[in-house]
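Below is one structure, written out as structure tokens, with a few remarks after it.
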Amino acid sequence: MGRMPELPEVETVRRELDPWLTRRTIVRARRADAPAGPKYAHLERADGQRIEAVTRRGKFLLLPLSGGDELVIHLGMTGIVSYTKPAGHLRVVVQLSGKRKSTLYFRDVRRFGRFLVLPRGDRGLLPSLRQMGPEPLSEAFDAASFHAALTSSSAIKTSLLSQRPVAGLGNIYIDEALWRARIHPLTPAKKISRNKAAQLRDVIVEVLLASIAAQGTTINDYRTVDGQVGAFVEQLDAYGHDGDPCSRCGRTISKIVVGARGTHFCPSCQRR
DNA sequence: CTCCCGTCCTGTGGGC
DNA sequence: TGCCCACAGGACGGGA
């Protein structure tokens, strides 16, 4: 257990979807084995619209459509997009124009994911997207503004989970970045010094780039679109390593609960 | 406004 | 061996 598509996994999926879906027309998009509701809203609006691009914002995939709408996909915990029909837990089916790979399937065992259509830029159903911080791999993610965004009194781990100081980080990469920057996960965000914030910014970029290069992290459910697994799991130093010796100092990695999330850190390298 | 906590969802794995 | 239940967590909504 314990895998979630975070920025590197979603970016890997985006790169695979882009050549497949861009310029294809959606013939028909419908819910399958899924309840009606905001997570699967307005799919029929996509019918007849062409997919103009496959973009990403944080952990959301955003597909602008030719009619002025936008297809929004969030993989949640267990969401998988494929062109082969899954065995079960099929939530959405999209018929595409053309003959090759012309059916898109969205499978999501736990239904934490979303697959919906909205007028482009309408964030009424997506408040986190509205308040999301800068993309970590963009120029906007600089040390000074990152430090300025760390205003919360809550733990840095919790603050980063909110997506507000920076977009796209989840449980795995937050633990990895805090380990690399030697910051205790319970440190109040606003107590992070300017220098530490700059260091944290740099290791966030490093760990995300390294994971993208490895096509993400596979622990259990995550697969790339063509079913491959991500190799970054081999480079994890903190997440899932509780009980193991710290690869830097040898002390045993601890696991605690922060914001209802399993949190892994080295009690020796990462002092409060 | 911020912060905190409950809720959703179901396969897996650890314990007995 | 087989059964049971705690566990995993991203985003969101509501209450303080």
Side-chain angles (χ1 to χ4, degrees), chain A residues 1-11 13 31-41 56-62 72-81 86-92 106-116 118 122-133 136 148-178 185-191 208 211 216-223 229 233 236 238-243 255-265:
Chain A
M1 303 297 294
R3 168 275 1 194
M4 56 243 86
E6 305 181 31
L7 188 150
E9 293 74 33
V10 179
E11 176 61 19
V13 171
R31 272 185 302 116
D33 177 18
K39 289 184 173 182
Y40 308 97
R56 181 190 56 72
R57 177 81 174 96
K59 305 172 198 171
F60 288 82
L61 290 164
L62 303 175
V72 178
I73 305 171
H74 194 296
L75 301 175
M77 294 285 292
T78 54
I80 294 175
V81 176
H89 306 103
L90 176 61
R91 307 306 178 196
V92 177
F106 181 62
R107 177 183 205 232
D108 186 17
V109 172
R110 283 186 209 168
R111 287 199 263 159
F112 274 36
R114 277 175 278 179
F115 198 114
L116 67 154
L118 295 172
D122 180 350
R123 298 290 176 251
L125 290 175
L126 306 165
S128 80
L129 209 38
R130 195 171 58 228
Q131 309 199 19
M132 190 171 283
L150 296 178
T151 57
S152 170
S153 61
S154 42
I156 184 64
K157 165 101 184 195
T158 307
S159 178
L160 293 174
L161 281 169
S162 76
Q163 309 295 299
R164 295 180 70 164
V166 61
L169 298 184
N171 206 35
I172 295 176
Y173 297 107
I174 292 172
D175 282 4
E176 291 305 302
L178 293 177
L186 289 175
T187 308
K190 66 182 180 187
K191 300 266 183 158
L208 294 176
S211 184
T217 302
T218 298
I219 291 174
N220 188 338
D221 298 308
Y222 168 75
R223 295 291 184 279
V229 302
V233 65
L236 296 176
Y239 185 88
H241 281 282
D242 43 305
K255 182 176 181 182
I256 60 174
V257 176
V258 182
R261 302 295 176 265
T263 298
H264 315 72
F265 71 103

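Below, read A as the first sequence line, B as the second, and so on, with proteins coming before strands; counting in each chain starts at 1.
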Checklist entry - So, A:Lys190 versus A:Thr151: side-chain donor-acceptor pair below 3.5 Å or not? => result no
Next on the checklist: Strictly below 4.0 Å: does A:Ser128 bring a side-chain N or O up to OP1 or OP2 of C:dA11?
Outcome noted: no
Checklist entry - If only side-chain N and O atoms of A:Arg110 are considered, is one of them under 4.0 Å from the OP1 or OP2 phosphate oxygen of C:dG10? => result no
Checklist entry - Hey, does the side chain of A:Lys39 come within less than 4.0 Å of C:dC12's phosphate (OP1/OP2), counting only N and O? => result no
Item to check | Euclidean distance, atom CG of residue A:Leu75 to atom P of C:dG10 [Å, nearest integer] | outcome: 13 Å
Next on the checklist: Looking at A:Arg114 and A:Leu126, would you say the former's side chain and the latter's main chain have a donor-acceptor pair under 3.5 Å?
Outcome noted: no
Next on the checklist: Can you see if the side chain of A:Gln163 gets near the phosphate of C:dG10 - specifically, an N or O under 4.0 Å from OP1 or OP2?
Outcome noted: no
Next on the checklist: Looking at B:dT10, I'd like to know if its phosphate oxygens (OP1 or OP2) sit under 4.0 Å from a side-chain N or O belonging to A:Arg111.
Outcome noted: yes
Next on the checklist: For the helix from B:dT2-C:dA16 to B:dC16-C:dG2, what angle separates the axis at the start from the axis at the finish, each from five pairs, in steps of 10°?
Outcome noted: 50°
Checklist entry - In residues 152-159 of chain A, which ones come under 4.0 Å of DNA chain B, going by heavy atoms? => result A:Ser152, A:Ser153, A:Ser154
Checklist entry - Does a nitrogen or oxygen in the side chain of A:Arg261 sit under 4.0 Å from OP1 or OP2 of C:dG10? => result yes
Next on the checklist: B:dC9, OP1 or OP2 - any side-chain N/O from A:His89 closer than 4.0 Å?
Outcome noted: no
Checklist entry - Do side-chain atoms of A:Arg56 reach the backbone of A:Gly58 as a donor and acceptor pair under 3.5 angstrom? => result yes
Checklist entry - Between C:dG13, B:dG11, C:dG9, which one does the side chain of A:Val109 approach most closely? => result B:dG11
Checklist entry - Counting just side-chain N and O atoms, does A:Tyr239 come under 4.0 Å of either OP1 or OP2 of C:dG9? => result yes
Item to check | Any donor-acceptor pair under 3.5 Å from A:Ser154 side chain to A:Ser159 backbone | outcome: no
Next on the checklist: Would you say the rings of A:Phe115 and A:Tyr40 are close, in the sense that their centroids are separated by under 6.0 Å?
Outcome noted: no
Item to check | Straight-line distance of A:Leu236 CG to A:Tyr173 OH, nearest 0.5 Å | outcome: 7.0 Å
Next on the checklist: Donor-acceptor check, side chain of A:Arg91 to backbone of A:Asp108, threshold 3.5 angstrom: yes or no?
Outcome noted: yes
Checklist entry - Can you tell me if the side-chain N/O atoms of A:Arg114 get under 4.0 Å from OP1 or OP2 in C:dG10? => result no
Checklist entry - Which whole-number value in Å describes the distance from A:Leu125 CG to C:dC12 C1'? => result 11 Å
Item to check | Length of the CG-C1' vector between A:Leu161 and B:dT2, whole Å | outcome: 16 Å
Checklist entry - In terms of side-chain heavy atoms of A:Arg164, which of B:dC9, C:dA11, B:dT2 is nearest? => result B:dT2
Checklist entry - Taking atom C1' of C:dC7 as reference, at what distance in whole Å does atom CG of A:Asp242 sit? => result 13 Å
